[in-house]
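Heads up, the thing below is written out as structure tokens.
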Amino acid sequence: MTTQTLSRPRQGRMIAGVCAGIARRFGWDPTLVRILTVASVLIPGPQFLAYIAFWILMPNED
């Protein structure tokens, strides 16, 4: 069994590929991760900053 690394895919992105990369890494549905991300941004907290940090720190896939 191969382990997926945490990277932003070049195909299947919506904005930056952060949600698609997280979903692929953990074997989840990308749509579910996107919905949870949008829902979490609506509550107070640093979620938007975390998304920006992932966008900057997560490498693109080869």
Same cluster (ILVMFWY, side-chain, under 4.5 Å), [X] and [Y]:
{"X": "Leu36", "Y": "Phe48", "answer": "no"}
{"X": "Ile22", "Y": "Ile52", "answer": "yes"}
{"X": "Trp55", "Y": "Phe26", "answer": "yes"}
{"X": "Met58", "Y": "Trp28", "answer": "yes"}
{"X": "Val18", "Y": "Leu49", "answer": "no"}

Where [X] and [Y] come nearest, the two heavy atoms and their spacing:
{"X": "Leu6", "Y": "Arg25", "value": "CD1-CB, 4.0 Å"}
{"X": "Ala20", "Y": "Gly12", "value": "CB-O, 3.9 Å"}
{"X": "Gly17", "Y": "Pro9", "value": "O-CD, 3.6 Å"}

Under 3.5 Å, side chain of [X] to main-chain N/O of [Y], donor-acceptor pair present?
{"X": "Arg24", "Y": "Pro30", "result": "no"}
{"X": "Gln47", "Y": "Thr37", "result": "no"}
{"X": "Arg8", "Y": "Ala16", "result": "yes"}
{"X": "Arg10", "Y": "Glu61", "result": "yes"}

Which distance, rounded to the nearest 0.5 Å, do you find between the SG of Cys19 and the CZ of Phe54? 10.0 Å
Are side-chain heavy atoms of Ile15 and Tyr51 found at a separation under 4.5 Å? yes
